[in-house]
Amino acid sequence: MSLFYQAVFCILLAEMTLFTILLIPLPGSIKRPMLQFLTKSPLTSQIRTYSKLVFIYVLIMFLDSLRGLYTRSHDSQHNHPGHHHDACSDAFARSKRLYDQRNLYLTGAVLFLSLILSRFLNMIADVLQSEQKMDVLKSQAAKQSKEYMRLLDKENTKDTEVDALKEKVKEAEKAIKELDIVKKQAKQTADEYMRLTDRYVALERKTSGFDEDSKSK
C-alpha cells in the first residue's frame with residue numbers, strides 16, 4: 001500500500017472512531033460539551049475546511065481507482081484469444097486489479113463516511129441550536145411566569161387592602177351612626193333636664209309666692 005492510500009486508511013480509521021464515539025451513549029454532562037466543541041469550536045471549523053480539500057483529493061483517488069479497474073477489466077476482456085500470456089503476467093494483472101478494487105473500496109468507504117459524518121454533525125448542530133433556543137424560551141417563560149405571579153400577588157394584596165379599607169369604612173360609618181344616636185340621646189337628656197329645671201324653678205317661685213302670702217295674712 002502506497003503512502004497516499006495509507007493516509008486514506010488512517011482517515012477512514014479516524015472517521016470510524018469519531019462516528020463510534022458519537023454513537024456511544026455517554027452521560028449528558030460529558031456528551032453535550034463534546035458535541036458543542038465539535039460543532040462550534042474554531043479548531044473544528046478549520047478541520048472541516050481542510051477536510052473538504054481532503055475529500056476532493058480522495059474523490060480524485062476514487063475516480064482514478066475506478067478508471068484503472070475499468071481499464072484493466074476492459075483489457076482483459078478484449079485480449080486476442082490466441083495471444084499467449086505467461087503466468088507472471090496474469091498474476092501481475094490480477095494483483096493490479098485487486099489493488100484497484102481495494103483502493104476503490106477504501107476511497108469509496110472514506111467518501112461515504114465523510115458524507116454521513118458531515119450530515120450527522122450538521123444535524124447535531126441543528127439540535128443543539130434548537131435546544132439553546134428552547135432553553136432561552138424556557139427561561140423567558142419562567143421569568144414571565146414569575147412576573148405574572150408577582151403581579152397576581154400584588155393584585156391580591158391590593159384586593160386585600162381594598163377589603164380592609166371597606167371594613168374600616170363600614171366600621172367608621174357604624175361608629176358615626178352610633179355617635180349620632182348618642183348625640184340624639186344626649187340632646188334628649190339635655191332637653192329633659194332643661195324642662196325639669198324650668199319646672200323646678202316654676203315650682204320654687206310658686207312656693208315662694210305662697211309663703212309670702214301666708215306671712216302677710
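Given the structure is predicted, the values throughout are model-derived calculations rather than measurements. Note: hydrogens, waters and symmetry copies are ignored here, and every other heavy atom, side chains too, is used.
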Item to check | Rounded distance (nearest 0.5 Å) linking atom CG of Leu23 with atom CZ of Phe120 | outcome: 5.5 Å
Checklist entry - Is any side-chain N of the basic residue among Glu173 and Lys170 closer than 4.0 Å to the acidic one's carboxylate O? => result no
Item to check | Side chain proximity check, Phe112 to Ile116, heavy atoms < 4.5 angstrom | outcome: yes
Checklist entry - Going through the checks in order, is the side-chain contact (heavy atoms from CB on, under 4.5 Å) test met by Leu121 and Leu22? => result CA-CA 9 Å; Leu121 290 175; Leu22 292 175; 4.1 Å; yes
Next on the checklist: Contact between Lys187 and Asp191 at the side-chain level, heavy atoms closer than 4.5 Å - yes or no?
Outcome noted: yes
Checklist entry - Taking all atoms of both residues into account, what is the closest heavy-atom pair of Gly108 and Phe62, and its distance? => result N-CD1, 3.6 Å
Checklist entry - Distance from Thr160 atom OG1 to Leu165 atom CG, nearest 0.5 Å? => result 11.0 Å
Checklist entry - Are any of the side-chain heavy atoms of Glu171 and Lys174 separated by less than 4.5 Å? => result no
Checklist entry - Roughly how far apart are Glu178 CD and Gln185 CD, rounded to 0.5 Å? => result 10.5 Å
Next on the checklist: For Tyr99, I'd like to know if atom OH has over 12 heavy atoms of other residues, nucleotides or ligands within 6.0 Å.
Outcome noted: no
Checklist entry - Is it true that Leu59 and Leu115 fall in one hydrophobic cluster, defined by side-chain heavy atoms closer than 4.5 Å? => result yes
Checklist entry - What's the shortest heavy-atom distance between Tyr5 and Leu106, and which atoms? => result O-CD2, 3.6 Å
Checklist entry - Are more than 12 heavy atoms from other residues, nucleotides or ligands located less than 6.0 Å from atom CZ of Phe4? => result no
Next on the checklist: Quick check: is Phe55 connected to Leu13 through a chain of hydrophobic side chains (ILVMFWY, heavy atoms under 4.5 Å apart)?
Outcome noted: yes
Next on the checklist: Membership question, hydrophobic clusters at under 4.5 Å side-chain separation (ILVMFWY): are Met16 and Val54 in the same one?
Outcome noted: yes
Checklist entry - In Å and rounded to the nearest 0.5 Å, what is the CD to OG distance from Gln144 to Ser139? => result 9.5 Å
Item to check | Close side-chain approach of Leu63 and Arg67, heavy atoms under 4.5 Å | outcome: no
Next on the checklist: Test your reading of the model: is there a side-chain donor-acceptor pair from Asn122 to the backbone of Ser118, 3.5 Å cut-off?
Outcome noted: yes
Next on the checklist: Checking the side chain of Ser145 only, and the main-chain atoms of Ala141 only, is there a donor and an acceptor separated by less than 3.5 Å?
Outcome noted: no
Item to check | Point-to-point distance, once rounded to the nearest 0.5 Å, from NZ of Lys184 to CD of Gln188 | outcome: 8.5 Å
Checklist entry - At their closest point, which heavy atom of Asn103 faces which heavy atom of Ser65, and how far apart are they? => result CB-OG, 3.3 Å
Checklist entry - Do Leu117 and Ile24 share a hydrophobic cluster, counting only Ile, Leu, Val, Met, Phe, Trp and Tyr and linking them when any side-chain heavy atoms are less than 4.5 Å apart? => result yes
Next on the checklist: Using a 6.0 Å cut-off, check whether atom CZ of Arg119 has over 12 heavy atoms from anything other than its own residue.
Outcome noted: no
Item to check | Val110 versus Glu15, closest heavy-atom pair with distance | outcome: O-OE1, 3.3 Å
Checklist entry - What is the distance from atom CG of Asp153 to atom CE of Met149, rounded to the nearest 0.5 Å? => result 5.5 Å
Item to check | Which atom of Val58 lies closest to which atom of Thr107, heavy atoms considered | outcome: CG1-O, 3.8 Å
